[in-house]
Amino acid sequence: MQIPAPFEYARADTVDDAIALLSRHGPEARIIAGGHSLLPMMKLRLARPEWLIDINDLYELDFVLRDGDRLRIGALTRHTTLLESAEIAALFPIVGDAERVIADPIVRNRGTIGGSLCQADPAEDLATVCDVLGAEAIVRGPSGERMLTMTEFHRGAYETAVAPDELLCEVRIPIRPRSGSAYEKVERRVGDWAVAAAGAALSFAEDGTIAVASVGLTAVGLDGTVGAVTELLRGERPGEPLFIEAGRLAALAADPVADQRGPIDYKRHLADELTRRVLRRASDRAAQSAGATGHPTTPQEG
Amino acid sequence: MTILQEHAPNPAADDAGRPIGYGRLQRKEDPRFVRGRGHYVDDITLPGMLHGAILRSPVAHARLVSIDTSAALAHPGVVAVITGADLLGLGLAWAPTLSADVQAVLVTDKVRFQGQEVAFVVAEDRYAARDALELIEVDYDVLPPLVDARKALDPDAPVVRDEMEGRTDNHIFDWEAGNKAETDAVFAAADVVVSQEIVYPRSHPAPMETCGAVADFDAVTGKLTLYETSQAPHAHRTLFAMVAGIPEHKIRIVSPDIGGGFGNKVGIYPGYILAVVGSIVTGKPVKWMEDRSENLMSTSFARDYIMQGEIAATKDGKILAVRTSVLADHGAFNATAQPTKYPAGFFHIFTGSYDLQAAHCSVTGVYTNKAPGGVAYACSFRVTEAVYLIERLVDILAAKLEVDPAELRLKNLIKPEQFPYPNKTGWEYDSGNYERALRLSMSMAGYDDLRREQRAKRDRGELMGIGISFFTETVGAGPRKHMDIVGLGMNDGAELRVHPTGKAVVRISVQSQGQGHETTFAQIVAEEIGIPPEDIDVVHGDTDQTPFGLGTYGSRSTPVSGAAVALVARKVREKARFIAAAMLETRPEDLEWEKGRWFVKGDPSVGKTIAEIAMGAYGTVALPEGIDGNLDAEVTYDPPNLTFPFGAYICVVDVDPGTGHVAVRRFVAVDDCGTRINPMIIEGQVHGGLTDGVGMALMQFIEFDESGNNLGGSFMDYLIPTAMEVPDWETGYTVTPSPHHPIGAKGIGESATVGSPPAIVNAVVDALSPFGITHMDMPCTPARVWAAIQGRPRPPI
Ligand SMILES: Cc1cc2nc3c(=O)[nH]c(=O)nc-3n(C[C@H](O)[C@H](O)[C@H](O)COP(=O)(O)OP(=O)(O)OC[C@H]3O[C@@H](n4cnc5c(N)ncnc54)[C@H](O)[C@@H]3O)c2cc1C
């Protein structure tokens with residue numbers, strides 16, 4: 001048994017209560033959601049919070065809700081819920097692709113999207129997913145609510161724009177017509193963190209050219225999406241030569257470090273290889289979505 | 001799961017189909033495990049029990065300058081803090097290892113590996129003990145570490161064991177087997193010679209339950225009761241008597257339910273000794289349970305052999321000779337558990353399953369700044385390394401000769417009529433029908449179809465590989481004239497008592513860590529005396545309740561203890577005959593045995609069952625001269641030879657050329673462990689071992705950085721395969737009983753762990769062969785597979 005350093009514990013009843021507890025106990029207080037990132041770090045004494053504020057009673061943060069042209073996901077929504085949601089599968093197949101390879105059922109039953117994003121581990125799969133889908137984060141603190149783009153949200157490895165007395169409450173993802181998305185990860189073992197992974201999202205214009213495109217990489221030293229790929233793809237028709245070039249650009253944008261999962265050249269290669277693969281799959285899915293009913297994912301009031 | 005050659009229905013089954021003797025039978029121990037009612041060391045709580053925690057060194061090599069425990073001692077709940085200096089005073093700072101070396105219990109002079117034990121805190125609860133560790137101030141003077149075994153013998157290498165008189169280098173031993181001159185001559189004359197450096201990396205047994213102990217020293221009676229995670233409780237008792245100076249009759253070792261061992265729990269760790277010292281010092285029971293990182297970083301590793309191998313053959317594929325020189329990294333203390341005469345274990349079985357003209361090996365052991373051990377991980381005393389070496393070499397030879405690796409093996413396997421087969425390094429293989437096993441595996445796999453599929457795939461640029469391994473193990477150590485551990489002959493005892501109502505208890509000296517002893521040994525007794533296994537209690541793991549013996553490792557339980565149990569049951573059966581004769585007022589020689597009953601020859605209706613005879617034995621029947629009033633017996637078994645299980649494994653993999661990811665698609669395992677006692681348990685052992693093999697071949701190794709930091713100290717870094725990485729196992733078997741064993745059984749515990757890594761690596765290399773690759777070292781992680789094919793011309797596929 002690995003034993004964390006001593007800490008105090010409080011259970012929040014409401015979002016406001018959680019924020020009040022955070023304010024009261026100061027910067028050494030930490031939110032605990034699923035606990036699947038925080039507890040392992042505490043057991044190794046890499047994290048030593050003085051207070052844990054448990055938000056697992058905040059059912060108001062556990063939801064998946066379609067709201068017009070966006071999907072709203074509560075911060076306490078578990079990985080399993082994301083994996084099993086038919087609505088998410090239809091709108092954003094990238095989420096299912098990623099969730100299937102995040103850890104194992106035990107971790108997925110408790111781990112949350114909010115915890116994943118706030119943990120900001122460079123190998124966090126949902127960070128890439130939210131990046132490529134152009135998500136926004138809703139954060140609340142003592143002075144009210146603010147909305148952050150993912151670019152604003154990220155602050156590098158293990159850091160985010162969420163202040164010590166703030167709570168991430170919700171993630172909002174725009175729904176676009178004629179779109180498709182995909183995620184692929186290379187891991188040493190099922191449930192292991194990524195050696196490298198890539199995610200892509202594409203939307204076609206009515207004429208079949210690419211209207212919006214983004215590619216994100218996991219665990220290879222890149223925050224956010226690959227700007228050069230977005231530029232490259234916009235207005236083009238999908239095709240293998242284009243994806244090959246996108247792969248090359250993604251590899252250039254990657255800045256991996258060598259570790260037990262692999263050397264730098266290998267990870268850079270994966271950025272290339274996986275970018276091509278997810279673009280192909282996202283493009284096929286977008287084409288299917290466009291072809292199925294013409295406008296299958298047209299925004300509607302939710 | 002496919003099972004070929006299913007057992008015929010057991011004729012001696014009860015109404016529910018349960019065998020009275022050998023056959024498929026659900027494990028007797030499982031109801032308590034599946035209901036969470038197992039009782040492990042960490043479940044033990046004694047009145048007033050205290051808790052220990054070990055401070056470990058953060059660095060691999062450093063002089064201990066000073067250590068200040070005052071703040072830790074002042075921490076609430078802390079009862080005692082023990083350092084190396086305290087142990088020096090007690091004469092307990094160093095303890096003997098299982099290989100005629102010594103190991104520091106707590107550092108006194110110098111740290112020799114990262115994670116080494118530096119101080120021991122005893123506190124009222126484990127939280128206080130753990131928190132107090134952070135309050136101990138240690139000043140280290142860091143030294144350059146020796147991490148790379150290849151540099152261990154360099155003149156300027158840091159000397160790991162400079163505390164030893166006159167020691168100026170890191171050399172531990174040189175050992176050889178076979179005939180060098182003869183082998184060199186055969187090599188010189190051979191048409192074809194291939195050579196390859198083959199590394200079997202350091203891995204870890206990683207049992208689900210980590211190591212731990214509860215020590216309870218009673219100062220009034222002077223008796224020490226030590227509950228510990230031990231695969232060898234009797235040997236531990238003797239060692240504790242020798243080390244701690246407590247008389248052996250005042251030591252009781254209890255090894256309760258054990259959550260996996262794989263060799264990890266053969267040795268005596270500093271933690272066990274510290275729990276004992278803690279109990280003596282405080283007068284209270286002390287529990288010490290290591291955590292996962294401690295287990296991975298400081299307890300016995302496995303393997304770590306750098307093998308330079310060479311194989312010689314004629315140009316038409318007759319294998320002539322094999323030779324190898326090995327550099328063995330033993331870490332900071334030589335703590336390998338193996339018979340005294342064999343510092344490289346049974347590595348000299350590297351001649352494999354082939355009929356050779358000559359063979360030679362030399363092994364050099366060295367110290368490095370890494371954790372000691374090298375006991376095990378289901379390796380049958382280094383048979384794992386041996387099998388991997390020969391099975392890789394044969395595949396490399398096949399590539400060189402451009403022949404099918406199955407064909408090459410078929411051509412060179414030892415033939416059935418050659419058994420007992422004396423190999424070129426001193427073994428006598430007891431029995432085998434190798435070709436039959438290999439052909440069975442090939443037919444189960446559909447070998448020819450697989451090769452056809454592979455050719456079609458290659459034409460499409462897809463990488464599919466087929467790997468074969470054929471292994472021979474040498475297990476069941478062993479004959480006392482050759483084999484001992486720290487002077488204790490490798491024999492095992494058994495005692496059988498049949499109670500008046502015909503229920504029995506058999507006491508054995510080996511200790512289960514999950515192998516199913518309580519079922520298998522009951523079945524052996526059942527087979528011999530014909531009472532149902534449910535009526536036989538198997539007692540093990542408590543030195544006050546069981547006869548002496550050396551324990552469970554090296555697949556020795558069934559070959560050694562199983563033989564003892566069969567023989568003790570036969571003794572009881574024979575005694576029953578005399579008692580039955582007295583009861584039936586006839587002569588013993590006029591009685592005939594059928595399972596469970598002695599009856600009068602020619603009149604089967606007149607007879608006595610074992611239960612009736614037992615009641616007679618304890619009752620009022622007038623007993624013949626020399627027969628006392630019980631139905632008990634005891635034996636100690638000294639095996640005449642080892643047993644030689646074998647098997648043929650075929651693995652099919654698909655490799656993603658874009659990512660280097662290897663998927664094991666199929667795995668066919670044909671095992672021959674001689675007589676099969678409980679096929680269900682055998683299959684379980686095989687499934688587990690094959691899964692282990694996937695771990696070693698594809699994902700596991702303990703890596704160190706240049707400072708000697710262990711990079712595999714958690715399950716995030718040291719990967720354990722799961723059901724997701726393994727295919728549906730396809731198991732089959734042949735039965736070639738051991739001629740010298742009382743029931744013909746050979747042992748199965750480690751076969752699959754030994755046999756599977758080469759099959760998997762051979763498959764990966766076969767998949768990569770279009771790139772001209774003939775070897776790659778384990779583990780075949782995606783990064784390494786990808787790296788292996790870089791810089792090579794895209795194959796003409
Ligand atoms: C064995 C294992 C394997 C894993 N493999 C993967 C993998 O392959 N890929 C992957 O992406 N992830 C993986 N994970 C991580 C897993 O997805 C975690 O569940 C997730 O990262 C964290 O979610 P959580 O709810 O458990 O967060 P917690 O551990 O509870 O919290 C993590 C951090 O976020 C903060 N936090 C949590 N919620 C909020 C909030 N609403 N507002 C503000 N701060 C908050 C906490 O204070 C803490 O600092 C793995 C975890 C384990 C244990």
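First the proteins, then the strands, lettered A, B, ... as listed; each starts at 1. A quick note: this is a predicted structure, and the numbers were derived from the prediction, not measured.
Atom NZ in Lys185(A) sits 11.5 Å away from atom NE2 in His661(B) (nearest 0.5 Å). For the atom pair CG (Asp259(A)) and CD (Glu703(B)), the distance works out to 9.5 Å, reported to the nearest 0.5 Å. In this structure, the separation between CZ on Arg130(B) and NZ on Lys43(A) is 12.5 Å, given to the nearest 0.5 Å. Separating the OG atom in Ser714(B) from the CD atom in Gln2(A) is a distance of 8.0 Å, to the nearest 0.5 Å.
Of the two parts of Leu698(B), neither the backbone nor the side chain holds a non-hydrogen atom closer than 4.5 Å to a non-hydrogen atom of chain A. With a 4.5 angstrom heavy-atom cutoff, Ile3(A) touches chain B via backbone and side-chain atoms both. At a 4.5 Å heavy-atom cutoff, the contact between Asp265(A) and chain B is made by backbone and side-chain atoms alike. Residue Asp42(B) does not touch chain A at all, counting heavy-atom pairs closer than 4.5 Å. Neither the backbone nor the side chain of Arg784(B) has a heavy atom closer than 4.5 Å to any heavy atom of chain A. Of the atoms belonging to Thr210(B), not a single heavy atom falls under 4.5 Å from chain A. Contact annotation for Arg261(A): both backbone and side-chain heavy atoms come within less than 4.5 Å of a heavy atom of chain B. With a 4.5 angstrom heavy-atom cutoff, Pro721(B) touches chain A only via backbone atoms.
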Please evaluate residues Glu134(B) and Arg45(A) with respect to the criterion side chain to side chain contact (heavy atoms under 4.5 Å, CB included), reporting the C-alpha separation (whole Å), side-chain torsions for both, the decisive distance (0.1 Å), and the verdict. CA-CA 11 Å; Glu134(B) 298 185 352; Arg45(A) 301 201 172 200; 2.8 Å; yes
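Between chain A and the options Glu290(B), Glu294(B), Arg292(B), Met716(B), heavy-atom pairs under 4.5 Å are most frequent for Met716(B). In terms of heavy-atom pairs under 4.5 Å with chain A, the best-connected choice from Phe701(B), Trp786(B), Tyr127(B) is Trp786(B). Of the listed residues (Asp291(B), Thr781(B), Leu711(B)), the one with the most heavy-atom contacts under 4.5 Å to chain A is Asp291(B).
Minimum heavy-atom separation, Val186(A) to Pro782(B): CG1-CB, 4.1 Å. Between Ser293(B) and Leu44(A), the shortest heavy-atom contact is OG-CD2, 4.1 Å. Considering all non-hydrogen atoms of both residues, Gly262(A) and Ala783(B) come closest at CA-CB, 3.7 Å. Residues Ala5(A) and Asp131(B) share a closest heavy-atom pair of CA-OD1, 4.4 Å.
With contacts defined as side-chain heavy-atom distances shorter than 4.5 Å, the pair Met289(B)/Met1(A) does not qualify.
Surrounding CG of Leu46(A) are more than 12 heavy atoms belonging to other residues, nucleotides or ligands, all under 6.0 Å away. Shown here is Glu240(A), whose CD atom has more than 12 heavy atoms of other residues, nucleotides or ligands within 6.0 Å.
With 3.5 Å as the limit, one finds no donor-acceptor pair spanning the side chains of Glu273(A) and Thr659(B).
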